[in-house]
Amino acid sequence: MRYSRMLIPTLREDPGEAEIVSHCLMLRSGLIRKLAAGVYNFLPLGWRVMKKIEQIVREEMELAGAQEVFLPVLCPSELWHESARWDAYGKELMRITDRHGRDFCLGPTHEEVITDLVRREVRSYRQLPINLYQIQTKFRDEIRPRFGLMRGREFMMKDGYSFDRHEAGAQRAYSMMYKAYNRIFARCGLDFRAVEADSGPIGGSFSHEFMVLAESGEDSIASCTECDYASNLEKAECVGPRMNELPEGPCMKDMAEVETPGRKSVEDVCEFLGCRPEQLVKTMIFIQEGKPLAVLVRGDHEVNEIKLKNLLGGVSEVILADESTIEYATGGPSGFSGPVGLKGLPILADLSLKGMVNFVVGANEADKHLLNVNLDRDFKVDRYADLRYITDKDKCPRCSGILNFHRGIEVGHVFKLGTKYSKSMKAVFLDEDGREQYMIMGCYGIGIGRTMAAAIEQNHDEDGIIWPLPIAPFQVHILPVNMDNEDVSGAGEEIYQDLQKEGIEVLLDDRDESPGIKFKDADLIGIPLRVTVGIKSLREGMVEMKWRDSKDVVREGLPHIAAKVRNMIEDKKRTADSKLESIL
RNA sequence: CGGGGCGUAGCGCAGCCUGGUAGCGCAUCGGUUUUGGGAACCGAGGGUCGGAGGUUCAAAUCCUCUCGCCCCGACCA
């Protein structure tokens, strides 16, 4: 491709709308342009990258035995009523009405559509297992689209669904996808982790998220330095105190009330009373279905509302109570709530409380706290559970090893769905005995655009993008420095032709621009291998080559350039392949 | 949905407080000179100042409403 003929509108300055580096570089290098909030045009260069990623996904899906289909964007509401998600999905679901007044939505995901397809066409256990996927535009009316392609309202996604006749098969399908995902993201040149995750409203029992490690990530993950445990912070398990950490004997002191004027926060109370946050118990009042409940966590811990919601059944919303509810439920203002004397509402406590004696709580009265409060003696806990976020003081729940914390970008998610959709939508088959059985499903998503953004987050420098070879829009960028010199432009043209014959994707910067502009643009758009043709070297019959991620310049005689370039690229590919083999 | 902010040339911004000829840099077009890291000079084009209403002799500027966008939070395969 000739640069002069291609639409690559690079920007010299940082666009005002971009907050993170990948968004900024995607705009500056002319990959995308915004059409509306969370809605983007893909320009030629950006679209080439998208297709590269899609192709890797296709190859690995086919290798794992999945078949590509293409489902409609426009989905009738009936199917969504069947799964009860028409009401449950909320405002994120883009809804449309046609001229006849029939309701539709723009698919944010396709469990309903695929389940409908499969229940119509699959009758027998002989037809199972089956695994179908598609790559298609999805719609979610995000409250706040942000970070460019990272969180859009319209975005490209690979979504796949497996149907099995029994649990073992479903487990096998899940493992196949888990492995395929590892290969996909490794091939895209990403540093990532597969972490245990909350399955959210999609439902199902078990899930892993694939997280690309990046500071700008919207999620936090914890991973063990000693075993292979890794988890989304939302899900990361916190274990209670071990037997040897439990308090011993009758060392309980007498409970006492103290004045704590205006001290509401854990920090203020601790400073005032001269104690540490871990000696305090926070009492948080939540509301579920209009009813209040109390949740106790240690002063240095935070309540994990997702764990709380899952514990309470995981369906209806659990929200933090407002001031009037707190006063109604506890008899005191917020900031002074405590479990002692609480009546008429369930008291849930985090496991860590089991290790505490003589702790501080609110007195359910303004400006008063209680000292030396003890479990069972002073109040009763209705239920102990893991209700908090993990902290850096916690140990690995599997092996007690030290935990590391990272930010991550979720680029893929695999779920075991079980029979959630097959039951609600009656997707059944006949087994060997002629009995009707529900299909066991799994679902598997990859954000294609998000993967592209994540790749840039991880592969850039102050000058621009550094594309990993497998997803680069072109492999080679030919940069003739002086186009008005016929030797230079002629050599550039010759190399361009030769490389194309080799089947290499090559961009020839045939613009009559100053060298500075051409070099800056080349760095910005980040094509992995640059071939520079300039008068100085050319007088000696030489041409220069440089990887975008390196400072080293390789010189080669003009006649051998095509072969040399091919070898360099083949080498790079072989290195990547062997790395892939060693990982998996 | 709550809080904050921004809409002025293709892009980045100034002007607004204190009303009176709409500006700067980059980009674009023509020309001359340049050419190994975003060149120099000369010339040119490009704006219903997001939209509507109001106040005023006069509104980019003040007031009201509205739309769009950005950030923080809540939300979230």
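Figure legend. B:G73 is base-paired to B:C1; pairs are counted as Watson-Crick or G-U wobble with both atom distances under 3.5 Å. Both distances falling under 3.5 Å, in either a Watson-Crick or a G-U wobble arrangement, place B:C11 opposite B:G25. B:C6: Watson-Crick or G-U partner is B:G68, with both key distances under 3.5 Å. The partner of B:G45, taking Watson-Crick or G-U wobble pairs whose two distances both stay under 3.5 Å, does not exist in any strand shown. When both pairing distances are held under 3.5 Å, B:C57 makes a Watson-Crick or G-U pair with B:G20.
Looking at heavy-atom distances under 4.0 Å, A:Glu234 makes no contact with the nucleic acid at all. Among the protein residues, A:Arg33 comes within range of no part of the nucleic acid, since none of its heavy atoms lies under 4.0 Å from any strand. Contact annotation for A:Tyr161: base contact, defined as any heavy-atom pair under 4.0 Å involving a base atom. Within 4.0 Å of A:Arg539, counting heavy atoms only, lies no atom of the nucleic acid at all. Residue-level contact check: A:Asp484 touches the bases, meaning some heavy atom is under 4.0 Å from a base atom. Using a 4.0 Å heavy-atom distance criterion, A:Glu19 is classed as a sugar-phosphate-only contact.
A pairwise comparison of heavy atoms in A:Glu540 and A:Arg555 identifies OE1-NH2, 2.6 Å as the closest pair. In terms of heavy-atom proximity, A:Arg28 sits nearest to A:Pro15 at CG-CD, 3.8 Å. Minimum interatomic distance between A:Tyr389 and A:Val303 (heavy atoms only, all atoms of both residues): CE1-O, 3.4 Å.
The distance from atom CZ of A:Arg151 to atom P of B:C70 is 14 Å, rounded to the nearest whole Å. Rounding to whole angstrom units, CD1 of residue A:Ile143 and P of B:C69 are separated by 15 Å. Going from atom CD of A:Glu218 over to atom P of B:C71 covers 11 Å, rounded to whole Å. Look at CZ on A:Arg511: it is 19 Å from P on B:U35, rounded to the nearest Å. Residue A:Leu27 contributes atom CG, which lies 11 Å from atom P of B:C70 at whole-angstrom precision. Atom CD of A:Glu302 and atom P of B:G73 are 15 Å apart (whole Å). As a whole-Å value, the separation of A:Lys518 NZ from B:U34 P is 18 Å. Look at CD1 on A:Ile525: it is 18 Å from P on B:G38, rounded to the nearest Å.
If you check B:G38, B:G36, B:C76 against the side chain of A:Leu524, the one that comes closest is B:G38. Side-chain proximity of A:Lys520 to the nucleotides B:C71, B:G36, B:G37 is greatest for B:G37. The side chain of A:Ala36 has B:C69 as its nearest neighbour among B:C69, B:G36, B:G38. Of the listed nucleotides (B:C76, B:U35, B:G36), B:C76 has the atom at the smallest distance from the side chain of A:Lys309. In the set B:G36, B:C71, B:C75, the nucleotide with an atom closest to the side chain of A:Glu305 is B:C75.
One finds no side-chain N or O of A:Arg146 lying less than 4.0 angstrom from the OP1 or OP2 phosphate oxygen of B:C71. Between A:Lys34 and the phosphate of B:C70, there is a side-chain N or O to OP1/OP2 separation shorter than 4.0 Å. For A:Arg144, a side-chain nitrogen or oxygen approaches OP1 or OP2 of B:C72 to under 4.0 Å. The phosphate of B:A39 (OP1 or OP2) has a side-chain N or O of A:Ser514 nearer than 4.0 angstrom.
A distance of 14.0 Å separates CZ in A:Arg140 from CZ in A:Arg153, rounded to the nearest 0.5 Å. Atom CE of residue A:Met441 and atom OH of residue A:Tyr161 lie 8.0 Å apart, to the nearest 0.5 angstrom. The CZ atom of A:Arg2 sits 6.0 Å away from atom CG of A:Leu508, with the distance rounded to the nearest 0.5 Å.
Atom CD of A:Glu17 has more than 12 heavy atoms from other residues, nucleotides or ligands within 6.0 Å.
When the P atom is compared between B:G50 and B:A9, the two are found 8 Å apart, to the nearest whole Å. A gap of 13 Å separates the C1' atoms of B:A22 and B:G46, to the nearest Å. Remark: the separation of the C1' atoms in B:A27 and B:A44 is 14 Å, to the nearest Å. Between B:U55 and B:G47, the two C1' atoms lie 25 Å apart (nearest whole Å). B:C16 and B:C63: their P atoms are spaced 14 Å apart (whole Å). On the C1' atoms, B:U18 is 16 Å away from B:U56, given to the nearest whole Å. To the nearest whole angstrom, the two C1' atoms, one in B:C17 and one in B:A40, are 40 Å apart. As rounded to the nearest Å, B:C57 and B:U48 have C1' atoms that lie 22 Å from one another.
For the pair A:Asp159 and A:Ile535, both in contact range of RNA chain B, the more 5′-proximal nearest nucleotide belongs to A:Ile535. For A:Tyr444 and A:Leu538, each mapped to the nucleotide of RNA chain B holding its nearest heavy atom, the one lying further toward the 5' end belongs to A:Leu538.
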Pairwise N/O distances under 3.5 Å, protein to nucleotides 11-13 of chain B:
none

Protein-nucleic acid N or O pairs under 3.5 Å, nucleotides 27-31 of chain B:
from  : atom 1 : to      : atom 2 : distance (Å)
B:A27 : OP1    : A:Arg12 : NH2    : 3.3

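The only option from A:Gln458, A:Glu457, A:His460 that meets the side chain to side chain donor-acceptor pair (under 3.5 Å) definition with A:Ser22 turns out to be A:Glu457.
Of the charged side-chain nitrogens involved, at least one lies within less than 4.0 Å of a carboxylate oxygen, so that A:Glu302 and A:Lys282 count as a salt-bridged pair. A salt bridge does not link A:Arg5 to A:Asp510: none of the charged nitrogens lies less than 4.0 Å from a carboxylate oxygen.
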Side chains of residues 33-45 of chain A: which donor-acceptor pairs under 3.5 Å do they make with residues two or more places apart or in other chains?
from    : atom 1 : to      : atom 2 : distance (Å)
A:Arg33 : NH1    : A:Leu27 : O      : 2.7
A:Arg33 : NH2    : A:Pro9  : O      : 2.6
A:Tyr40 : OH     : A:His23 : NE2    : 3.3

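A donor-acceptor contact shorter than 3.5 Å links the side chain of A:Trp467 to the backbone of A:Ile525.
Ring to ring, A:Tyr421 and A:Tyr438 are not that close: their centroids are 6.0 angstrom or more apart.
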